[in-house]
2 protein chains.
Amino acid sequence: MVKLMPDTKPYEMKEENINKASKALKAMGHPLRLKILCVIGEQELPVMDIVSKVGTTQSNISQHIDILREKEIITSRREGSKILCKVRDPNILKLMEAMQATFCPVN
Amino acid sequence: MVKLMPDTKPYEMKEENINKASKALKAMGHPLRLKILCVIGEQELPVMDIVSKVGTTQSNISQHIDILREKEIITSRREGSKILCKVRDPNILKLMEAMQATFCPVN
DNA sequence: ACAGAATATAGTTATACAATGAAATGGTGA
DNA sequence: TCACCATTTCATTGTATAACTATATTCTGT
């Protein structure tokens with residue numbers, strides 16, 4: 001068994017890690033949100049930059065960013081008049097690399 | 001930028017890979033479905049085994065398995081009276097290992 | 001051909017998500 | 001302090017998901 005719940009047998013499984021992981025996957029499992037994450041990558045980007053790179057309404061992006069923040073996928077801080085967003089956990093970027101390997105056939 | 005869409009600039013981005021990836025993430029982003037995947041791992045398992053290991057109704061599991069099949073995360077084949085399910089793409093298991101690294105703090 | 005096991009499907013109901021447009025907040029520079 | 005830019009919040013509406021129960025289908029062994 002792939003151990004998202006290390007050192008447990010099926011019937012004794014702690015659900016905790018499953019739940020954390022599935023919440024994060026759910027948060028990332030929306031095309032706009034995934035695109036937001038791709039666009040941010042290792043950078044710190046102001047919301048309006050994300051809006052223009054991703055391409056939908058500012059309000060819509062703002063709400064998706066909020067979801068990513070709630071789910072602790074990204075963080076943001078104010079700098080002057082702008083809010084800068086970045087991916088919170090380097091492991092998330094790792095995860096995205098794994099997705100790239102999985103879903104991006106080599107040209 | 002993390003390249004889920006290799007060799008493209010933001011405005012020229014093909015959406016294709018983003019869409020594939022987000023569909024898969026969405027499919028995996030439900031606790032029961034993630035648990036199903038963990039339980040199957042590298043094995044081939046009959047539905048009833050999954051039911052008993054995951055622990056909800058047969059009907060519910062069947063429907064989630066169906067979703068995983070539609071989204072091409074798992075495949076299944078009949079052997080005698082049983083339907084055996086397995087994870088379709090080894091890359092999905094890789095992805096799950098990456099999730100494990102991300103979401104399972106070491107004990 | 002029949003009984004029973006294994007799995008799938010359907011119908012229903014409740015809940016969650018997504019997109020939109022309009023309005024509100026908070027910071028900045030003249 | 002006023003006008004403006006960046007961002008958030010709100011209300012609404014439509015659509016998608018989830019769970020449940022009951023029923024149907026398909027195979028197996030006798």
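Everything quoted here is computed from the prediction, not taken from an experiment. Order of the sequence lines fixes the chain letters, A, B, ..., with proteins taken first and strands second; residue numbering starts at 1 for each chain.
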State, to 0.1 Å, how close B:Leu93 and B:Gly41 come at their nearest heavy-atom pair, and which atoms those are. CD2-O, 3.7 Å

Identify all side-chain donor-acceptor contacts of residues 22-29 of chain B below 3.5 Å with residues at least two apart in sequence or on another chain.
from, atom 1, to, atom 2, distance (Å)
B:Ser22, OG, B:Ile18, O, 3.1
B:Ser22, OG, B:Asn19, O, 3.2

I need the NZ-P distance between A:Lys82 and D:dC4, as an integer number of Å. 18 Å

Measure from CG on A:Asp49 to C1' on D:dT7 and round the result to the nearest Å. 13 Å

Atom pair NZ (B:Lys35) and CG (A:Asn17), whose distance is rounded to the nearest 0.5 Å: 12.0 Å

Roughly how far apart are A:Ile92 CD1 and A:Ile74 CD1, rounded to 0.5 Å? 11.0 Å

Along DNA chain C, first and last positions that approach a heavy atom of chain A under 4.0 Å: C:dC17 to C:dT28

How does protein contact run along nucleotides 24-30 of chain D, one letter per nucleotide 5' to 3', with B for base contact, S for sugar-phosphate only, - for none, heavy atoms under 4.0 Å? --SSS--

Rounding to 0.5 Å, atoms NZ (A:Lys94) and OG1 (B:Thr102) come to a distance of 8.0 Å

Presence of A:Ser62 side-chain N/O under 4.0 Å of D:dT8 phosphate oxygens OP1/OP2: yes

Side-chain heavy atoms of A:Lys86 within contact of A:Thr75, under 4.5 Å: yes

With no angle test and no hydrogens, is the base of D:dT9 tied to the side chain of A:Ser59 by a donor-acceptor pair under 3.5 Å? yes

N/O donor-acceptor pairs under 3.5 Å from side chains in residues 60-69 of chain B, not counting sequence neighbours:
from, atom 1, to, atom 2, distance (Å)
B:Asn60, OD1, B:His64, NE2, 3.3
B:Asn60, ND2, B:Thr56, OG1, 3.2
B:Gln63, NE2, B:Ser59, O, 3.4
B:Gln63, NE2, B:Ser59, OG, 3.2
B:His64, ND1, B:Arg33, NH1, 3.1
B:Asp66, OD1, B:Arg69, NH2, 3.3
B:Arg69, NH1, B:Ser76, OG, 2.7

Rounded (10°) bend between the five-pair end axes of the helix from C:dA1-D:dT30 to C:dA30-D:dT1: 30°

Provide a list of protein-nucleic acid N or O atom pairs under 3.5 angstrom, restricted to nucleotides 16-18 of chain D.
from, atom 1, to, atom 2, distance (Å)
D:dT17, OP1, B:Lys26, NZ, 3.1
D:dA18, OP1, B:Arg33, NH2, 3.4
D:dA18, OP2, B:Arg33, NH1, 3.1

